[in-house]
Colleague: 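The structure under discussion is supplied below as structure tokens; questions concerning it will follow.
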Amino acid sequence: MSDLFERAFEMNRRNFIKASIASSALFMTVKSYAMGKTPPKGRVVVVGGGYAGTTAAKYIRMWSMGGIEVVVVEPSSQFVSCPMSNLVLGGSKSIHDLTFGYDLVKKNHGLTWVQDGVVAVNTHDKKVIMQRGELSYDRLIIASGIDFIYDDLPMLAGADAQQKVPHAWKAGWQTVNLRQQLEAMADGGVFVMHIPKLPYRCPPGPYERVCQVASYFKVYKPKSKIIVLDANAEIVSKKGLFAKAWSTQYAGMIDYRPNSAIEKLDLASKTIHTEFEQVTADVLNVIPPQRAGKPAQIADLLEEDYPWCEVDFLTYESKRARDVHVIGDSVASGLPKSAHMATSQARVCASAIVELMQGRLPDPAPVFANTCYSFVNDKEAMHVANVYRYDAAKKIMVSADGGGVSLAPSEKEGSYAAAWANNIWSDVLT
Amino acid sequence: MNPFIIRLILISSVAAPVLGIAAEDIVTSAHPAHIPTLAASCSACHGTLGNAVKSGSVVDATPLAGESDVYLEQRLLDFRAGTRESTVMHHHAKGLTPEEIHQLALFFSRQEPEVRVAPTPQKLKAVNHE
């Protein structure tokens, strides 16, 4: 450990101890928070401060009555929400409306926060090695989100190429870049978007993005066209609802082409070659295929033949490493990779860790919910909502009966979608 | 409504078979962590421990903390039976067992209502973000 890091860490520790004394006292008085009589002990390191990681960190502190020390390792100093970020492309939101700090969640729950990147994980000695130091853990949570696979798209791997053809699939400056390109495009131009095969982050996201770009074009560039090249055989989420929104609200503007995987990409001319045709764009958005994020790769948690992480769905413990848990988009769950899903997995994992660290068995039949809204314009949204229950025979989470989608998008649901965002941000970040 | 009538509706809703859920296949977990963890899953819309953020938008999610357990249970059972109109709640209620609905209603009724805020947005820093 470098001296600088050690000092910073020691200061953090002292603050943390102060905070944890204060928060333990608080939690002891609120019995309904607590699941056990005596607080468990030990240290959990959480790698990743997105929806999943931050939620797990907070709930472990809450449910362990402040007994378990939680250290979050996250390279970024800000949280940028992917949900709602397509609205930046439509023009009704700014990226600065979706960017938050971690101050409140750190302070309110006595989290130790290390702003650093993970370079190695030693699961044998139970250590996380970062650029500026190392941490030992009793249990490790990897909440590493997604990483892009450029094996078949090597021309897009560099920063310069992504400046020209952004993915904008992790909310941030690429989202802003794509919006600026749409603003700079002449009326009558062509926006081309490529969607990878499932599984990828946010199944309805690409189709919502089409709606958002179309809603912008409809008002400001009505002669423009959108070509959607989808590697999938059909719209993979809220199909009927999206198809209807495109044909009624954006008639004649959207040209949807299924089974259209990229075979070749010419960056200079922004031309995509598929098996059947070639398409040239004025503004090009390629969403690359995805796999579990880098920290999960570093810790060797991906399957040999499938680039996601297999877990035990009662605890989210990795099938490849003891005392290492994986949550959020990195998990091979067969379920939609959404923010609500990530937080639901995080809470089941947090609950199981608190139980295990008290020497008890976790809940043998967890149940959780997922709600996901998509905006078809600046005001109207529609949902898909499901409860998922643990199936003891299959040992996976399965969709309970009764789930489903909206009958039609509405402004009322747009309002609920905004409430969803405010509440999930409040739950994750305060 | 008269509490007696509420109880009556409640009992009849539980007893009536609800199509679409194979209730006999589902054994509700009695683990002490089951309900608090399930309840936490509601926080995406209803806030931490049922304390929904007041956003001032046209419609807001209902705060659940400190609400009457009888009221909450009846609402959920009505959503589950499809007798009360909703946007998403019928999808959620139908995935829960009557026992989970009963326990969730009790859990939220026992939470101390508190004011929750959404975090304040800030300017995205000009660092090299992916």
Side-chain angles (χ1 to χ4, degrees), chain A residues 30 32-33 35 59 63 76-78 80 95-101 104 159 170 172-174 176 340 343-344 347-348 351 354-355 362-369 371 383 385-389 400-404 406 410-413 415-416 418-420 422-427 429-430, chain B residues 18-22 26-34 36-49 51-55 57-61 80 87-97 100 107 110-112 116-130:
Chain A
V30 187
S32 54
Y33 280 32
M35 291 190 186
Y59 277 87
W63 285 336
S76 174
S77 65
Q78 293 181 307
V80 191
I95 199 75
H96 311 296
D97 298 329
L98 313 176
T99 304
F100 305 97
L104 285 174
K170 292 182 179 180
W173 287 111
Q174 288 211 13
V176 176
H340 192 175
T343 59
S344 285
R347 297 186 198 95
V348 172
S351 164
V354 171
E355 295 300 308
D363 181 2
V367 176
F368 58 63
T371 307
H383 71 265
N386 270 89
V387 168
Y388 295 90
R389 309 187 69 94
D401 288 345
S406 308
S410 67
E411 287 194 19
K412 187 180 184 191
E413 288 212 51
S415 204
Y416 278 134
W420 175 95
N422 278 320
N423 279 295
I424 200 167
W425 292 335
S426 171
D427 188 45
L429 295 165
T430 71
Chain B
V18 178
L19 290 178
I21 188 145
I26 297 169
V27 180
T28 309
S29 169
H31 192 285
H34 185 73
T37 311
L38 174 55
S41 188
C42 308
S43 61
C45 293
H46 294 281
T48 303
L49 297 167
N51 289 289
V53 170
K54 285 188 179 57
S55 69
S57 85
V58 187
V59 285
D60 256 336
R80 189 171 186 268
T87 56
V88 299
M89 277 313 299
H90 57 296
H91 293 315
H92 290 304
K94 283 175 183 171
L96 303 173
T97 66
E100 280 166 346
F107 177 88
R110 287 170 185 161
Q111 303 308 312
E112 201 65 46
R116 301 286 308 182
V117 292
T120 310
Q122 52 181 241
K123 220 170 159 46
L124 178 61
K125 288 177 189 166
V127 288
N128 187 18
H129 241 273
E130 193 170 17

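By convention in this document, chain letters (A, B, ...) are assigned in the order of the sequence lines, proteins followed by strands, and residues within each chain are numbered from 1. What you are looking at is a predicted structure, and each value in this text was computed from that prediction instead of being measured.
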Colleague: Supply the atom-to-atom distance A/Ser406 OG to B/His91 NE2, rounded to the nearest 0.5 angstrom.
Modeller: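 Output value for this atom pair is 6.5 Å.
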
Colleague: Using the test ring pair (Phe, Tyr, Trp, His ring centres under 6.0 Å), find all partners of A/Tyr388 that sit at least two apart in sequence or belong to another chain.
Modeller: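 Partners of A/Tyr388 under the ring pair (Phe, Tyr, Trp, His ring centres under 6.0 Å) test: none.
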
Colleague: To the nearest 0.5 Å, what is the distance between OG1 on B/Thr48 and CD1 on A/Ile424?
Modeller: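 The CD1 atom of A/Ile424 is 10.0 Å from OG1 of B/Thr48, to the nearest 0.5 Å.
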
Colleague: Specify the closest pair of heavy atoms between A/Arg347 and B/Ser43, including all atoms of both residues, with the distance to one decimal.
Modeller: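 Result for this residue pair: NH2-OG, 3.1 Å.
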
Colleague: List the steps, then state whether side chain to side chain contact (heavy atoms under 4.5 Å, CB included) holds for B/Thr37 with A/Tyr59.
Modeller: CA-CA 9 Å; B/Thr37 311; A/Tyr59 277 87; over 6 Å; no

Colleague: So, for B/Pro36 and A/Trp63, which heavy atoms are closest and what is the spacing to 0.1 Å?
Modeller: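 The pair with the smallest heavy-atom distance is O-CZ2, 3.7 Å.
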
Colleague: With a 4.5 angstrom heavy-atom cut-off, is it the side chain or the backbone of A/Ala369 that approaches chain B, or both, or neither?
Modeller: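 Both backbone and side chain of A/Ala369 come within 4.5 Å of chain B.
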
Colleague: B/Asn51 and A/Asn423: which non-hydrogen atoms are nearest, and at how many Å?
Modeller: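 The pair with the smallest heavy-atom distance is O-OD1, 4.3 Å.
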
Colleague: Heavy-atom pairs under 4.5 Å with chain B are the metric here; pick the option from A/Pro366, A/Ala419, A/Pro362 that has the most.
Modeller: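 When all of A/Pro366, A/Ala419, A/Pro362 are compared, A/Pro362 has the most.
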
Colleague: Can B/Lys125 and A/Ser77 be counted as having a side-chain donor-acceptor contact under 3.5 angstrom?
Modeller: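 On atom types as modelled, these side chains qualify, holding a pair under 3.5 Å.
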
Colleague: Counting heavy-atom pairs under 4.5 Å to chain A, which of B/Gly47, B/Ala39, B/Pro121, B/Ala44 comes out on top?
Modeller: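 Top option by heavy-atom pairs under 4.5 Å: B/Ala44.
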
Colleague: Go through the atoms of A/Asn386 and report whether side chain, backbone, both or neither lie under 4.5 Å from a heavy atom of chain B.
Modeller: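 A/Asn386 touches chain B through backbone heavy atoms alone.
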
Colleague: Taking the side chain from A/Gln78 and the backbone from B/Lys123, do they hold a donor-acceptor pair closer than 3.5 Å?
Modeller: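 The answer is yes, because a donor-acceptor pair under 3.5 Å joins these two groups.
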
Colleague: Scan side-chain atoms only and decide if B/Arg116 and A/Thr430 contain a donor-acceptor pair under the 3.5 Å cut-off.
Modeller: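 Their side chains do contain a donor-acceptor pair, which is all the 3.5 Å distance test asks for.
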
Colleague: Using side-chain heavy atoms (C-beta onward) and a distance below 4.5 Å, is B/Thr87 in contact with A/Tyr416?
Modeller: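 With C-beta onward as the side chain, the pair touches.
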
Colleague: So which part of A/Thr343 gets closer than 4.5 Å to some heavy atom of chain B, the side chain, the backbone, both or neither?
Modeller: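 For A/Thr343, there is no contact with chain B at all, as no heavy atom is under 4.5 Å.
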
Colleague: Are A/Thr371 and B/His92 linked by a side-chain donor-acceptor pair shorter than 3.5 Å?
Modeller: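 Short answer, yes.
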
Colleague: Taking only residues two or more places apart in sequence, or in another chain, which ones meet B/Glu100 in a salt bridge (charged side-chain N to carboxylate O under 4.0 Å, His left out)?
Modeller: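 B/Glu100: salt bridge (charged side-chain N to carboxylate O under 4.0 Å, His left out) contacts with A/Arg389.
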
Colleague: How far apart are the C-alpha atoms of B/His34 and A/Val367, what are their side-chain angles, what is the distance that settles it, and do they pass the side chain to side chain contact (heavy atoms under 4.5 Å, CB included) test?
Modeller: CA-CA 8 Å; B/His34 185 73; A/Val367 176; 3.6 Å; yes

Colleague: For the interface with chain A, which of B/Pro119, B/Ala52, B/Ala118, B/Ser29 has the highest count of heavy-atom pairs at distances below 4.5 Å?
Modeller: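 Winner by heavy-atom pair count: B/Pro119.
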
